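Presented below is the structure to which this report refers.
Per chain, numbering begins at 1; letters A, B, ... match sequence-line order. This one's a predicted model, so the numbers in the text were calculated from it and none came from an experiment.
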Amino acid sequence: AQTVTQSQPEMSVQEAETVTLSCTYDTSESDYYLFWYKQPPSRQMILVIRQEAYKQQNATENRFSVNFQKAAKSFSLKISDSQLGDAAMYFCAYRSSYNNNDMRFGAGTRLTVKP
Amino acid sequence: ETGVTQSPTHLIKTRGQQVTLRCSSQSGHNTVSWYQQALGQGPQFIFQYYREEENGRGNFPPRFSGLQFPNYSSELNVNALELDDSALYLCASSLRLEQFFGPGTRLTVL
């Protein structure tokens, strides 16, 4: 079964600085999708960025980018120029291409942004 | 375009009772997934409905059941509530790959 591990329960970053959140996953599949979701105190999960496993190029969305290392099964999120509004829980998630009704989430990383 | 909505926002029940949670999908989305998020943990997949049929289930007992209606809105029913059922319940609707989440229902079982 696929598992997702986020080894950093909490992280903090100074406003305008860069922070990287770690995520590793375990799968025997070759085709899948990886996601980073943000969950602010309002509780609504918001998609931050998505990576298709068949794409070698790392996904980028404005200040958010990923470092996808397929062989190492690693999928880290880099937030550049951190803003106070980035403070939230961040969840890494895995979704199979073969069984796309089951999304597996990590335990989350709580990000604090210091002014 | 209306986003995913859930009702109620909060709910308190006692052990042994039954509860129904509701989810309205984003317009045009024919798939709804339900997740349970215990405090301090990531969401866990309960089940998914596609065009009114269950389309996959996670490791949850049969007392967790669901429905999807012709307008693609959905219900999650939990019978014989246990203390461990206390959690945030999230629904997410999708048309293809991306899931759009609702704000969740916070269920407390006393």
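Residues B:Leu67 and B:Tyr50 fall into different hydrophobic clusters, defined by Ile, Leu, Val, Met, Phe, Trp and Tyr side chains chained together at heavy-atom separations under 4.5 Å. Linking Ile, Leu, Val, Met, Phe, Trp and Tyr residues whenever their side-chain heavy atoms come within less than 4.5 Å places A:Leu84 and A:Tyr90 in a single cluster. Under the 4.5 Å side-chain contact rule for hydrophobic residues, B:Tyr72 and B:Leu21 do not share a cluster. Under the 4.5 Å side-chain heavy-atom criterion for ILVMFWY residues, a single connected hydrophobic cluster contains both A:Tyr25 and A:Trp36. Linking ILVMFWY residues whenever their side-chain heavy atoms come closer than 4.5 Å, directly or via other members, leaves A:Phe91 and B:Ile46 in distinct clusters.
Heavy atoms of other residues, nucleotides or ligands lying less than 6.0 angstrom from CG of A:Asn62 number 12 at most. More than 12 heavy atoms of other shown residues, nucleotides or ligands fall within 6.0 angstrom of atom CZ in B:Arg63. The environment of NZ in A:Lys78 is sparse: at most 12 heavy-atom neighbours from other residues, nucleotides or ligands sit within 6.0 Å.
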- Message: Evaluate A:Met45 against B:Val4 for side chain to side chain contact (heavy atoms under 4.5 Å, CB included), listing each step before the verdict.
- Response: CA-CA 11 Å; A:Met45 298 278 261; B:Val4 180; over 6 Å; no

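B:Tyr35 touches chain A through its side chain: at least one heavy atom from C-beta onward sits under 4.5 Å away, while N, CA, C and O do not. Interface residue B:Leu90: only side-chain heavy atoms are found under 4.5 Å from chain A. No part of B:Gln6 comes within reach of chain A, as not one of its non-hydrogen atoms sits under 4.5 angstrom from that chain. Neither the backbone nor the side chain of A:Gln6 comes within less than 4.5 Å of any heavy atom of chain B.
For the atom pair CD (B:Gln99) and OH (A:Tyr37), the distance works out to 5.5 Å, reported to the nearest 0.5 Å. The distance from the CZ atom of A:Arg95 to the OG atom of B:Ser33 is 6.5 Å, given to the nearest 0.5 Å. Here the straight-line distance linking atom CZ of A:Arg43 with atom OG1 of B:Thr105 works out to 7.0 Å at 0.5 Å rounding. Once rounded to the nearest 0.5 Å, the distance linking CD1 of A:Ile46 with CZ of B:Phe101 reads 11.5 Å.
For chain A, the option among B:Gly56, B:Gly42, B:Pro43, B:Gly102 with the highest count of heavy-atom pairs below 4.5 Å is B:Pro43.
With contacts defined as side-chain heavy-atom distances shorter than 4.5 Å, the pair A:Phe35/B:Glu98 does not qualify.
Contact detail for B:Phe45 and A:Met103: the closest heavy-atom pair is CB-O, 4.2 Å.
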